[in-house]
Amino acid sequence: MPRDVSTDETGRRLPPSSSDLGYKTNVLAAVAWVLGFIGAFFLAIPLAIIALTRTPKIQQNNRDLAIGALISGFGIPLAIVLFNIVG
């Protein structure tokens, strides 16, 4: 008898994964988020804006990722500048 993929070996139901729900991660938003954290804000900010404008409002997880990329794109360099001024 084939095993149900939505249960574990003890028979408990597992929560659906993101691939089961049809979510696709916006690659531009993910790349912009990573670039923002490594300090490449001159690339992260434009990519995040492009990802934000291309993402429909119903794909909230991708919009959140693009907004997070904007925050990291602006926030990390701003924190570095403020640290150098204050410190």
Side-chain angles (χ1 to χ4, degrees):
M1 180 169 158
R3 182 176 161 221
D4 186 8
V5 293
S6 62
T7 60
D8 63 5
E9 53 276 343
T10 61
R12 293 181 294 181
R13 290 188 51 84
L14 297 174
S17 68
S18 61
S19 62
D20 294 339
L21 300 175
Y23 293 135
K24 289 185 131 183
T25 302
N26 190 335
V27 176
L28 281 177
V31 169
W33 187 72
V34 170
L35 288 173
F37 272 106
I38 63 171
F41 60 91
F42 52 89
L43 292 173
I45 293 170
L47 283 177
I49 292 171
I50 291 169
L52 193 58
T53 58
R54 289 187 179 181
T55 303
K57 289 186 179 182
I58 52 175
Q59 291 183 344
Q60 189 65 36
N61 59 340
N62 286 332
R63 290 185 59 80
D64 291 344
L65 186 59
I67 292 169
L70 275 174
I71 291 170
S72 68
F74 281 116
I76 303 276
L78 181 65
I80 292 171
V81 168
L82 289 175
F83 180 75
N84 286 331
I85 290 173
V86 174

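Note: hydrogens, waters and symmetry copies are ignored here, and every other heavy atom, side chains too, is used.
With hydrophobic clusters built from ILVMFWY side chains whose heavy atoms lie under 4.5 angstrom apart, V34 does not share a cluster with F42. When the side chains of ILVMFWY residues are joined at heavy-atom separations under 4.5 Å, either directly or via intervening members, L35 and L28 end up in a single hydrophobic cluster. There is a path of hydrophobic side-chain contacts, each under 4.5 Å, that joins F74 to L52. Put simply, I76 and I38 are part of two different groups of oily side chains (I, L, V, M, F, W, Y) that touch within less than 4.5 Å, one to the next.
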Which pairs would a plain distance check flag for residues 63-72, meaning a side-chain donor or acceptor within less than 3.5 Å of a matching protein atom at least two apart in sequence or in another chain?
residue: D64; atom: OD1; partner: Q60; partner atom: NE2; Å: 2.9
residue: S72; atom: OG; partner: G68; partner atom: O; Å: 3.3
residue: S72; atom: OG; partner: A69; partner atom: O; Å: 3.1

Could you pull out every donor-acceptor pair under 3.5 Å between side chains of residues 80-87 and any protein atom, sequence neighbours left out?
residue: N84; atom: ND2; partner: I80; partner atom: O; Å: 3.3

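Pairs of residues two or more places apart, or lying in two chains, never qualify as side-chain hydrogen bond (donor to acceptor under 3.5 Å, both in side chains) while including a residue from residues 73-83.
With sequence neighbours excluded, the residues forming a ring-ring contact (aromatic ring centres under 6.0 Å, His included) with F37 are W33, listed by chain and number.
Contact record, G73 with I45: O-CD1, 3.8 Å, taken as the closest heavy-atom pair. The shortest non-hydrogen separation linking A29 to A51 is N-CB, 3.6 Å.
For the atom pair F41 CZ and L47 CG, the distance stands at 14.0 Å (nearest 0.5 Å).
Counting only distance, with no hydrogens or angles, the side chain of N26 and the backbone of N62 share no donor-acceptor pair below 3.5 Å.
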